[in-house]
Amino acid sequence: MRNGDQRRGVRASALWGSGKRGTGSRSNALWGSGKRRTAVLATLALVVLVPLGAAASPSTAGAPTAFVTPSLLTSAQSNMAGSFNVIVQGKGGNQAAKAVGDVLGLAKKDFKDFRSIDGVAVNLSGAQVVALASDKHVSAITPDARVRLSAASATDTSNEKWPYVTGVQKYGSAPAATIAIVDSGIDATRPEFAGRIAASVNLSTLPGNSPGDGRGHGTFVAGIAAGKLSGRDGAAPTAKLVSIDVMDDQGMARTSDVIAAADWILANKAQYGIKVANFSLHSSVANSFMYDPLDKAVERLWFNGVTVVVAAGNYGYPDRPSGVPFAPGNDPFVITVGASDTGKSVATNDDVAAPWSAYGYTLDGFQKPELAAPGRYMVGPVPVTSTLYAERPDHVVDTGYMELSGTSFAAPIVSGIAALILGKHPTFTPDQVKGALMLGAKPLPRATDMSEGVGEVNAGRSVEFSNPPSANKALNRFILTDPLTGAPAFDAASWASTAKANASWASASWDSASWAEASWSSASWASASWSDASWASASWASGAAAAASWADLSLASASWADNAEGEAASPDGDAIDPFELQAILDGTLDP
């Protein structure tokens, strides 16, 4: 994704401003005063809590009862004959398809149905959007936004420290679970992946998507997660990979294509043994996780045993929180990963957050990321025919290899370590994997509060835990069985009601003795992991004033990859000191 150089555009403006851990302070250029900001949060909750009204035909549509992104609703109302690519969500039990079929008379061939959510992707006129907004089967209508990779920037030398910083060098031959890479594809001809790509599928519906990996981003991500080649091993070099191509050659995707990837994983996870899914991308539309369709899709994977690892994004600031408002990184269940700068040594005492790594609170008050991994000056494989390779020749360090930076490349380190954890503990749930990763993380004393979550990932500790705590303990009580589908689902309305009434609802996740082993303070994380400041003072009875503010947050209708485009070259190569390396190998230095 783009870095701080993009600040002249609206998307790069600070969403939260400054604020210290646990204080809930979020002054904001977009939202202005606290009263306006809390009204927006009130609206988000009311969207879920207000009952839906009766169905309406295109000619008799009444006031909207479903949530519709305000900018979309305004555009539809002012351009009834216009064309809009949207995702329509139902209330469970395939009601979205029923709505577009019964209310609009569309045939199944006219829309894309999903398995991971009750939703369909469809092209509608403005009049049809307005009609569905008041249909009793519909819960939300959002743009089918473009998604871009959290891509990278390159430098002129390589950084080989990260395997030692994260401790993965100890596990080069250890068993690992299969990782699905949802990205721009993987170049199957690369020797790094010989015999280990279990499946490749192309789900991109955008034009200009070459076979294999036309962008180059997915191959790089896969190399960091699970490449195997002398001197260039990834985090889990024995893991099998599944390549799911959702990106065109410019690193863009539709949200519906990313949801289709979640569908494919859900349908094929047993056949290919998929237990980890890496999403180094994010949406471009700021949303609450309570109704965002991409959040719901990754939650469905999580509830069905797939550990989801996502990039935080590269729209951060070096001196203050940016917030993390974009799906899927804003989802409280999944593991959101920030990027660290490993400094001059393999020790963590000089590590800090990369200056463009996003951090702060989501629109729903959750702190993100949970932890960090190295993400600056990473070297990985890139097809020589890819657009990334052609666009950044100054970042090519060897034929077929580039040095790039971004949270895109921090996330696959964590995905690889998650695969190692599951290779040793195959019965662990995603909650336990998340708990092991957080419990094993090493604190970064020089990093700004919240910027790297609980610290930097450390395989040497996390892989060895036999009974890690559940990091999502407080949220899990809101998971219920959908009576229409029999599938587990998050009860957003109950959560919103509880969060409104009890500011300390999340403390249950952190009050267990199981967290006592953590080298970071569980008490500190408990006070910062969810901010009640806005919720506690919100006026839950009204939220009409929030519509204009929320429309501002729609930003662009695109999503992108989380790489730091334009990151300057590493000034000194940032290579590992040979004496340090020998000390690590001798066991006399603990990274």
Side-chain angles (χ1 to χ4, degrees), residues 152 158-200 212-213 216-245 272-278 280 307 309 346 373-375 377-384 386 388-389 396-404 408-424 426 457-460 462-463 575-576 581 584-585 591:
S158 73
N159 171 9
E160 301 297 327
K161 288 203 305 286
W162 72 263
Y164 303 96
V165 172
T166 60
V168 297
Q169 87 286 351
K170 302 176 183 178
Y171 297 96
S173 59
T178 300
I179 306 170
I181 305 292
V182 181
D183 213 284
S184 61
I186 301 175
D187 181 0
T189 68
R190 298 288 307 207
E192 290 90 347
F193 314 119
R196 291 188 300 117
I197 298 182
S200 295
D213 182 8
H217 188 272
T219 300
F220 195 109
V221 168
I224 297 296
K228 184 173 180 58
L229 195 66
S230 178
R232 299 192 190 276
D233 282 2
T238 65
K240 289 185 177 180
L241 293 163
V242 169
S243 170
I244 305 180
D245 184 356
Y272 296 107
I274 301 169
K275 291 191 174 183
V276 181
N278 186 94
S280 287
T307 298
V309 180
V346 296
Y377 316 126
M378 309 290 287
V379 173
V382 178
V384 297
S386 67
L388 187 59
Y389 198 85
V396 175
V397 297
D398 198 355
T399 303
Y401 292 92
M402 298 179 72
E403 185 172 80
L404 305 172
S408 266
F409 314 127
I413 294 176
V414 175
S415 289
I417 296 174
L420 291 170
I421 292 171
L422 289 163
K424 184 165 185 174
V457 68
N458 184 270
S462 294
V463 174
I576 189 168
L581 175 57
I584 293 170
L585 297 177

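Keep in mind that what you see is a predicted model, and the values were worked out from it rather than measured. In this chain, residues are counted from 1 in sequence order.
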Can you find a heavy atom in the side chain of Met378 that is under 4.5 Å from one in the side chain of Leu404? no
ask   = Backbone N or O of Ala176 within a donor-acceptor pair of the Lys240 side chain at under 3.5 Å?
value = no
Scanning both residues in full, the closest heavy-atom pair of Ile413 with Pro374 reads CD1-O, 3.4 Å
Considering only heavy atoms from C-beta outward, does the side chain of Leu388 approach that of Met402 to under 4.5 Å? yes
Ile197 and Ala188 have their tightest heavy-atom pair at CD1-CA, 3.7 Å
Nearest heavy-atom contact between Gly416 and Ile179 is CA-CD1, 4.0 Å
| task | For the residue pair Val242 and Thr178, establish whether any side-chain heavy-atom pair is separated by less than 4.5 Å. | result | yes
- Task: Kindly indicate, with the supporting measurements, whether the criterion side chain to side chain donor-acceptor pair (under 3.5 Å) is fulfilled by Asp213 and Thr219.
- Result: CA-CA 7 Å; Asp213 182 8; Thr219 300; 2.7 Å; yes
Can you confirm whether Lys170 sits close enough to Leu420 that some side-chain heavy atom of one is under 4.5 Å from a side-chain heavy atom of the other? no
Using modelled atom types and a 3.5 Å cut-off, is there a donor and acceptor pairing between side-chain atoms of Ser462 and backbone atoms of Asn458?
yes
- Cation-pi between Arg190 and Tyr401: NZ/CZ under 6.0 Å from ring centre and within 45° of the ring axis? yes
Looking only at heavy atoms, the pair that brings Ile224 and Trp162 closest together is O-CH2, 3.7 Å
Validation row: Val182, Asn278 side chains within 4.5 angstrom (heavy atoms): no
Heavy-atom closest pair (Arg232 atom, Asp398 atom, distance to 0.1 Å) is NH2-OD2, 3.9 Å
Q) Looking at side-chain heavy atoms only, is the closest gap between Tyr171 and Thr238 below 4.5 Å? A) no
Nearest heavy-atom contact between Glu192 and Pro381 is OE2-CB, 3.6 Å
Answer whether the closest heavy-atom distance between the side chains of Asp183 and Ile244 falls below 4.5 Å. no
